[in-house]
Asks: 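Have a look at the structure that comes next, please.
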Amino acid sequence: QQQVKQSPQSLIVQKGGISIINCAYENTAFDYFPWYQQFPGKGPALLIAIRPDVSEKKEGRFTISFNKSAKQFSLHIMDSQPGDSATYFCATGGSSNTGKLIFGQGTTLQVKP
Amino acid sequence: NAGVTQTPKFQVLKTGQSMTLQCAQDMNHNSMYWYRQDPGMGLRLIYYSASEGTTDKGEVPNGYNVSRLNKREFSLRLESAAPSQTSVYFCTTQVWMNTEAFFGQGTRLTVV
């Protein structure tokens, strides 16, 4: 079974700090790497996504860094805010995968005021 | 524009009972998926329908069946519920492969 390994499982950051969540994947055929954000009682929603033709993508305070050779990608949240407190999931997808997304185990982020 | 609608939102079943989780989308998307979310396990794919008229097993299909009724609707059936099926179930849709997945609000199922 193809896996996506996400770490850490939980993370506590002070307001204004940088939150970093990492994911590692196995299948080099994957070519779509999204991050999802989930608030309690809600379904996950797309936060930011990257394709393997670039090494970094930034949207506001959120940045994905992608290392194709290491088969790793990470989410960086700059100037973390209490409103960022949520569960974050990385995922991978590929054109050979009929659109299926394989999700990581999730990271619960708490940003302290 | 409702997006992805799941019913019911909450359900308690006794072991051995059956039920169907409903999912409907008004986004005209081709692909629909059922995931379950368990603490520490992330989101695991149960079944999916890449397009109308097709269904396939995902990572954890045992104990479940699905029906792609039409392009809009994709249902998940538990024939004989077990406590191990206690979970939060999410239906998602994608316009096609390698595109954004849109989630329903989830169904929280408890089997006692």
Side-chain angles (χ1 to χ4, degrees), chain A residues 1-11 21-27 29-53 57 59 64 75 86-108, chain B residues 2-7 9-10 21 23 25 27 29-62 68 74 87-108:
Chain A
Q1 175 63 40
Q2 297 170 352
Q3 289 187 351
V4 178
K5 295 183 179 179
Q6 182 174 344
S7 62
Q9 186 173 353
S10 63
L11 183 61
I21 306 171
N22 300 297
C23 277
Y25 62 97
E26 298 175 348
N27 190 337
F30 290 143
D31 57 7
Y32 178 59
F33 303 91
W35 284 91
Y36 284 79
Q37 181 187 54
Q38 182 183 31
F39 293 106
K42 303 293 186 182
L46 180 66
L47 182 63
I48 185 172
I50 197 168
R51 307 277 178 181
D53 51 340
K57 183 175 182 180
E59 290 184 1
I64 298 179
L75 176 68
T87 300
Y88 293 82
F89 293 96
C90 65
T92 61
S95 56
S96 62
N97 222 27
T98 60
K100 301 192 302 290
L101 293 177
I102 300 172
F103 286 87
Q105 296 78 11
T107 296
T108 301
Chain B
V4 183
T5 303
Q6 290 182 234
T7 53
K9 290 186 174 57
F10 302 94
L21 282 66
C23 177
Q25 53 109 353
M27 308 180 80
H29 286 176
N30 294 296
S31 305
M32 299 185 74
Y33 307 80
W34 277 105
Y35 289 88
R36 59 177 289 174
Q37 182 178 11
D38 302 289
M41 305 291 287
L43 292 147
R44 293 181 293 168
L45 183 63
I46 305 171
Y47 269 94
Y48 67 100
S49 172
S51 61
E52 186 179 358
T54 68
T55 61
D56 283 287
K57 296 179 180 179
E59 179 186 356
V60 288
N62 291 346
R68 182 76 182 265
F74 188 39
S87 187
V88 180
Y89 292 84
F90 286 102
C91 174
T92 76
T93 72
Q94 293 173 238
V95 61
W96 201 235
M97 60 182 70
N98 284 357
T99 59
E100 180 179 357
F102 291 84
F103 282 74
Q105 69 272 48
T107 296
R108 185 172 295 274

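Here is how names work: the chains are called A, B, and so on, in the same order as the sequence lines, proteins then strands, and each is numbered from 1.
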Asks: Nearest 0.5 Å, what's the CG-CD1 distance between B/L43 and A/I102?
Replies: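 Rounded to the nearest 0.5 Å, the CG-CD1 separation comes out at 12.5 Å.
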Asks: Under the 3.5 angstrom rule, does the side chain of A/Y36 hit a backbone N or O of B/A101 as a donor-acceptor pair?
Replies: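 Checking the backbone N and O of B/A101 against the side chain of A/Y36, a donor-acceptor pair under 3.5 Å is found.
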Asks: Less than 4.5 Å to any heavy atom of chain A: does that hold for the side chain of B/F102, its backbone, both, or neither?
Replies: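 When you check distances to chain A, no heavy atom of B/F102 falls under 4.5 Å.
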Asks: Return the CZ to CD distance between B/F103 and A/Q38, rounded to the nearest 0.5 Å.
Replies: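 Output value for this atom pair is 8.0 Å.
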Asks: Please report the interatomic distance CD(B/Q37) to CZ(A/F103), rounded to the nearest 0.5 Å.
Replies: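 Going from CD on B/Q37 over to CZ on A/F103, the span is 9.5 Å.
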Asks: Which residues pass the ring pair (Phe, Tyr, Trp, His ring centres under 6.0 Å) test with A/Y32, sequence neighbours left out?
Replies: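 Listed in chain order: nothing, the list is empty.
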Asks: Please examine the side chains of A/K100 and B/D56, heavy atoms only from C-beta on, and report whether any two atoms are closer than 4.5 Å.
Replies: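 SC-SC contact between B/D56 and A/K100 ruled out.
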Asks: Side chain, backbone, both or neither: which part of A/P34 has a non-hydrogen atom closer than 4.5 Å to chain B?
Replies: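 Neither the backbone nor the side chain of A/P34 comes within 4.5 Å of chain B.
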Asks: Chain A heavy atoms under 4.5 Å from B/Q105: which part of the residue, side chain, backbone, both or neither?
Replies: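 Just its backbone gets close to chain A.
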Asks: In terms of heavy-atom contacts, does CZ of B/R108 have more than 12 from other residues, nucleotides or ligands at under 6.0 Å?
Replies: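 No - once you tally the heavy atoms of other residues, nucleotides and ligands closer than 6.0 Å, there are 12 at most.
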